[in-house]
Amino acid sequence: MLYITRRLGRSCSEPVINGGLCRIFRSLPHMPSYHPKVVEPRWQQVWEENKTFKTPDDSPKPRYYILDMFPYPSGAGLHVGHPEGYTATDILARYKRMLGFNVLHPMGWDAFGLPAEQYAIQTGTHPRTTTQNNITTFRRQIKMLGFSYDWDREVDTTDPNYFKWTQWIFLVLFDTWYDADQQKGRPIAELPIPPDIKGDAAVRAYRDRKRLAYQAEVPVNWCPALGTVLANEEVIDGKSERGNHPVVRMPLKQWMLRITDYAERLLDDLETVDWPHAIKEQQRNWIGRSVGAEVDFRLMIDDCRLNSQSSIINYQSSIGVFTTRPDTLYGATYMVLSPEHPLIDAITTPSQKSAVEAYQIEAAGKSDLERTDLAKKKTGVFTGAYAINPVNSEAIPIWIADYVLVSYGTGAIMAVPAHDERDFAFALRFKLPIRPVVLPPKRWFEESKVFKILKKMGVDPRFTSEKLSQPESHAETLNRLEVDVLSKSLRYLDAFGQDFYKVMEQLYRDHVEIFPECFADEGVVFNSDGFDGLSTAEFKKQIIAKLESEKRGMRKTNYKLRDWLFSRQRYWGEPFPILHELDAAGNPTGEIEAVAISELPLCLPVVEDYRPTGNPEPPLSKAKDWLFVERNGKRYRRETNTMPQWAGSCWYYLRYIDPHNANVFCDPAKLKAWLPVGLYVGGAEHAVLHLLYSRFWHKVLFDRGHVPVAEPFQKLVNQGMILGDTDYHLTIAAFDANREQIDKLKLNVIRVKDDEKGEICVLRNPSSDPDRFCPLTEEQIVKEGGKVYLKDTRIELTGRSDKMSKSRKNVVNPDDVVNEYGADSLRLYEMFMGPLEAVKPWSTRGVEGVFRFLNRVWRLVIDDRHDAVKLLDAVQDVEPDKETLRLLHHTIQKVTNDLDGLSFNTAISTMMELTNHLTKQTVRSKSVLKTFMLVLAPFAPHIAEEIWHALHQRAGSVSDGLSSLAYEPWPSYDANLLKADTVDIPVQINGKLRAVITVAAGLDKAALEEAAKGDEKIKPALEGKTIKKVIVVPGKMVNLVIV
RNA sequence: GCCGAAGUGGCGGAAUGGCAGACGCGCUGGACUCAAAAUCCAGUACCCGCAAGGGUGUGUGGGUUCAAGUCCCACCUUCGGUACCA
């Protein structure tokens, strides 16, 4: 009781934000009313002590694996976004248990990663400590919400018993090569060694090159502020996803995972999983498969005065380009290499050398951001060299330009300015020739500006017949394009008259330069030797076949997806179980060894200083005792990079199945029993990162026989983001103009950055707690003519829900919500807000609404005028009346269907309707209430347990043992009971509602029609009219069509 | 630009092609109370009307249908993803 009194005192001092709380506790005289603070811990204790939700491995029941995306335990604690997905899965887990399933529903911590380390560096504590503290907070907060996890299966990615197996899986990747013929990852020992590879060292090097985990010197995203490299996926607009720090490109030797080998299967197997369409599309886009041809362009040796170091040229005297449009080969008028292309040095002519080198330096210095910013203005330099187009032997100039990326395709393109937007823009800029080879369809011509000019002839008074015959001499009244079009089209107009399509076709063939638009679609081939007249699709096939037969090119598929950059220069991550051999002088020999599995886990060394070194040398290199080891008389240096945060989360769903196994990562029999995951719920922000990486690892494990299925997650659902409560804001200018008035109202003003408006001012109510979120209430604003004003002023405001963020100070803390309304209310509200997948704004009033609902449920059964939890006298052992029984069964049916379809919000509204009905009854059937509690239990388990318990107590007895309803069978509904005796049938005349008639249920068509025609309101409307048609849908409606 | 999702009262949202706005919030009125809170009851899309009643309404414009929020076509807006990927 004490805490309640204290709460009361505190909360009433803050009427604006805690209005709800005041109301709750002012009702205290009527004890015992519904007090979640008493009820919820009691049942949480019962579940914990009895291990109610422990998942047995040997149960004969059918199995169901419901997985949440485990959280990163940040210092900020749980966010209201977390319980959204967790509540949804918990409801389903509880529901499935009642349906008789053996449910696997675990939770754990994705605890390695940058933020913990950043925080640790700032505060001077070891990341281990901060991570443990954060986990403790998260665990407490999650337990407080009453989720039915099997806590005996908790995993922590930073636990050596866990990351031992993360390292083991890395070694599986290290031990695997991809057999393209079999489309399968196989042991490295089975890799065929080509006959020209001779000697141990050469064989080892060859193997190392083929492993799925390999080292490579690659241009990486180095983030100086974070002191690490980042994966492409972690860089957004040239800045780090975490922290928004600048990222620069530099070449570094890094560990890579060969995810590109699995691109095709990652793409194909999307067909086999039940995932949201949008997520599948995102993955498809990310993998970015495109089919085309790789075509060899021979270099024109004579014309490019080779510089002295031209040995490469002799060895490889052609440049391969990748194109998805080999059907436009005849339109290639120049070639472009990316500034990083290895052949540039060799082919550049002396006169172009300085310009080329200057451009290369300029391009290298540009960040990705700058490259994108300048995307509209194409830049480039001519190398002086020429290549020979294999289809027509034409010499075309070779340029370098940064619009060609070194990392895609071959890093070189053939430019077809007539049929590619980028090449078109480049050609215009540098006055390179444009040669059309695909004739656009009529539709494209009709949308061209040229067509509009032709159409104006004879209509537009500016186009006099005199000007038409001499357009060149009227440049002062006609614009450039008009002059060009008219002068060029004169002779075609003579030939084809008003057939503008014909005219334009000829213009396109002969004077493509006057078209301001680029045609980049499919069409009919011309200007292409013997292939003219073919469709581009057909020509594509034929030209690829021809190139292949002449060995000048081949069919080729490319992917946007790049290999996964897997190493980080940080302390707080899994160490790589890899040793680098050293020679007598202590220098690396280049040979690498896997750490023996018996030596795993390889733990992080204890170091004084785990800060980044400021350069790409990882902090682990400072741990000299740990760094050097001897094995079999050889000296080694350990790998000092650590794995990225994604490593641990790639396979945690497997470890849950057998979390304490010391011999294998997971028992194969258990994997077979539980996989795949039946339902996986989490945020859409992981659409391409986590979900693609873990599918990749899973497939490697599958190929190597370690998991029994090819896809890990059968069904995936994304919960939508929860936005902050509605906030009112105004622009800085408006704020400054009205400063006095706003100051008078004593409002808090928070300045925040806004994407569109620069900076805006959010108005809030003041609060004693600076972190408190107190938006303006509806009483403080006035709506008028579609606009919103601050009350008693003419200050116009904008109302909007924003993402929750520290800077906006609109973060809702689950602790506060549970404190004020209880876990059941939080759970229920999160589900009641709207569809699980939708983005929804938080509303404090809305939480109060579901809290009121739970109070009504409580008072349905419990007498709140007594001191003990006692049933109301109205609750009796009686048979329910027909209507109540019908509603109960309707509720069971609706909730059952809604749970199967994950429509939690409508399930809750149905239970509200039942409650509203029962509230009106003076005598309430105990059996109905018991059934209702079973239906409510998955959603609001604490209150349901409490009331269920009360309903089962014998009169007078208070202390029966507390036993859970968690495994009571889910109620079934009787379809016969769902039928009402009478039904309301709408009657329409010409499709408009004119009456609603109440008739006996099950009336046939003829009887319904008669009843409708006989209705008092319908009769007069039919008088004197002829009924043309009658539509009767039995049990639904009647529509009378009259003349 | 491209890909995806979505536009319904004052707000969150509900509706297998068949009564648009369930349920909740907010608001209005009433009951209880010395009073308030809580609770309970009634009302609440908009317009005209004292009322009965009538009209209009699901982003816009067309179409299919006896009947369209729902299906088709075109467009607009918002949100999410992505961006020189040849």
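In what follows, chains carry the letters A, B, and so on, assigned in the order in which the sequence lines appear, proteins first and then strands, with residues in each chain numbered from 1.
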Closest approach to the side chain of [X], judged atom by atom: which nucleotide of [options] is it?
{"X": "Arg859(A)", "options": "rC40(B), rG18(B), rC3(B)", "result": "rC40(B)"}
{"X": "Leu993(A)", "options": "rA86(B), rC19(B), rG26(B)", "result": "rC19(B)"}
{"X": "Thr324(A)", "options": "rC41(B), rA5(B), rA86(B)", "result": "rA86(B)"}
{"X": "Asn285(A)", "options": "rG24(B), rC3(B), rU82(B)", "result": "rC3(B)"}
{"X": "Gln282(A)", "options": "rA5(B), rG81(B), rA86(B)", "result": "rG81(B)"}
{"X": "Val1041(A)", "options": "rG4(B), rC66(B), rG80(B)", "result": "rC66(B)"}
{"X": "Lys560(A)", "options": "rG80(B), rU82(B), rG54(B)", "result": "rU82(B)"}
{"X": "Arg852(A)", "options": "rC66(B), rA5(B), rG26(B)", "result": "rG26(B)"}
{"X": "Ile1031(A)", "options": "rC66(B), rU16(B), rC23(B)", "result": "rC66(B)"}
{"X": "Lys378(A)", "options": "rC23(B), rA15(B), rC84(B)", "result": "rC84(B)"}

Could you tell me how far [M] sits from [N] if I compare only their [atom1] atoms? Round to whole Å.
{"N": "rU58(B)", "M": "rC46(B)", "atom1": "C1'", "answer": "13 Å"}
{"N": "rG53(B)", "M": "rG80(B)", "atom1": "C1'", "answer": "48 Å"}
{"N": "rU56(B)", "M": "rC32(B)", "atom1": "P", "answer": "44 Å"}
{"N": "rG63(B)", "M": "rA52(B)", "atom1": "C1'", "answer": "38 Å"}
{"N": "rC76(B)", "M": "rU65(B)", "atom1": "C1'", "answer": "26 Å"}
{"N": "rG17(B)", "M": "rU70(B)", "atom1": "C1'", "answer": "6 Å"}
{"N": "rU16(B)", "M": "rC25(B)", "atom1": "P", "answer": "24 Å"}
{"N": "rA14(B)", "M": "rG24(B)", "atom1": "C1'", "answer": "11 Å"}

Report yes if at least one side-chain N or O of [X] is closer than 4.0 Å to OP1 or OP2 of [N]; otherwise report no.
{"X": "Lys992(A)", "N": "rU56(B)", "result": "yes"}
{"X": "Arg856(A)", "N": "rG24(B)", "result": "yes"}
{"X": "Lys840(A)", "N": "rG12(B)", "result": "no"}

Heavy-atom closest contact (Met804(A) atom, Leu723(A) atom, distance)
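Scanning both residues completely, I find the closest heavy atoms to be CE-O, 3.5 Å.
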
Nearest heavy-atom neighbours spanning Leu405(A) and Ser338(A):
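The pair with the smallest heavy-atom distance is C-CB, 3.8 Å.
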
Salt bridge (Lys or Arg N to Asp or Glu O under 4.0 Å) with Glu281(A): which residues, sequence neighbours excluded?
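Only Arg284(A) meet the salt bridge (Lys or Arg N to Asp or Glu O under 4.0 Å) criterion with Glu281(A).
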
For a quick check of understanding: with a heavy-atom distance under 4.0 Å over all strands, which category does [X] fall into, base, sugar-phosphate or nothing?
{"X": "Gly846(A)", "answer": "nothing"}
{"X": "Asn905(A)", "answer": "sugar-phosphate"}
{"X": "Arg284(A)", "answer": "nothing"}
{"X": "Lys1028(A)", "answer": "nothing"}
{"X": "Val839(A)", "answer": "sugar-phosphate"}
{"X": "Phe832(A)", "answer": "base"}
{"X": "Asp984(A)", "answer": "base"}
{"X": "Pro835(A)", "answer": "sugar-phosphate"}
{"X": "Ser843(A)", "answer": "nothing"}

Please determine whether a side-chain nitrogen of the Lys or Arg among [X] and [Y] lies less than 4.0 Å from a carboxylate oxygen of the Asp or Glu.
{"X": "Glu522(A)", "Y": "Lys540(A)", "answer": "yes"}
{"X": "Asp1015(A)", "Y": "Lys1017(A)", "answer": "no"}
{"X": "Lys1013(A)", "Y": "Glu1009(A)", "answer": "yes"}

Can you tell me the base-pairing partner of [N]? Count Watson-Crick or G-U wobble geometry only, both distances below 3.5 Å, and say none if there is no partner.
{"N": "rG9(B)", "result": "none"}
{"N": "rU16(B)", "result": "none"}
{"N": "rG43(B)", "result": "rC27(B)"}
{"N": "rA35(B)", "result": "none"}
{"N": "rG80(B)", "result": "rC3(B)"}

Atom-pair distance ([atom1] on [X]; [atom2] on [N]), nearest Å:
{"X": "Glu685(A)", "N": "rG81(B)", "atom1": "CD", "atom2": "P", "value": "10 Å"}
{"X": "Glu830(A)", "N": "rG12(B)", "atom1": "CD", "atom2": "C1'", "value": "14 Å"}
{"X": "Ile997(A)", "N": "rG18(B)", "atom1": "CD1", "atom2": "P", "value": "19 Å"}
{"X": "Met831(A)", "N": "rA14(B)", "atom1": "CE", "atom2": "C1'", "value": "17 Å"}
{"X": "Glu837(A)", "N": "rG80(B)", "atom1": "CD", "atom2": "C1'", "value": "15 Å"}
{"X": "Ile862(A)", "N": "rU39(B)", "atom1": "CD1", "atom2": "P", "value": "18 Å"}
{"X": "Glu913(A)", "N": "rC23(B)", "atom1": "CD", "atom2": "P", "value": "5 Å"}
{"X": "Phe424(A)", "N": "rA86(B)", "atom1": "CZ", "atom2": "C1'", "value": "17 Å"}

Do the side-chain N and O atoms of Asp725(A) and Ser843(A) include a donor-acceptor pair separated by under 3.5 angstrom?
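The criterion, which ignores hydrogens and geometry beyond distance, is not satisfied for Ser843(A) and Asp725(A).
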
For a quick check under 3.5 Å, do Glu848(A) and Tyr829(A) share a side-chain donor-acceptor pair by atom type?
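The criterion, which ignores hydrogens and geometry beyond distance, is not satisfied for Tyr829(A) and Glu848(A).
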
Between Phe426(A) and Tyr334(A), does a ring-ring contact (aromatic ring centres under 6.0 Å, His included) hold up when you go through it step by step?
CA-CA 11 Å; Phe426(A) 191 82; Tyr334(A) 62 102; 5.5 Å; yes

Check for a donor-acceptor pair, side chain of Lys840(A) on one end and backbone N or O of Leu836(A) on the other, with a separation under 3.5 Å.
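A pair under 3.5 Å: yes.
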
Within 45° of the six-membered ring axis of Tyr403(A) and under 6.0 Å from that ring's centre, is NZ or CZ of Lys378(A) located there?
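Pair Lys378(A)/Tyr403(A) counts as cation-pi.
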
May I ask you to decide if the ring planes of Phe519(A) and His419(A) are parallel, tilted or perpendicular, using 30° and 60° as cut-offs?
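Rings of Phe519(A) and His419(A): perpendicular, over 60°.
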
Nucleotides 67-77 of chain B: protein proximity per nucleotide (B base, S sugar-phosphate only, - neither; heavy atom, under 4.0 Å)
-----------

Assigned glycosidic conformation for rG9(B) [threshold 90° from 0]
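Base orientation relative to the sugar is syn.
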
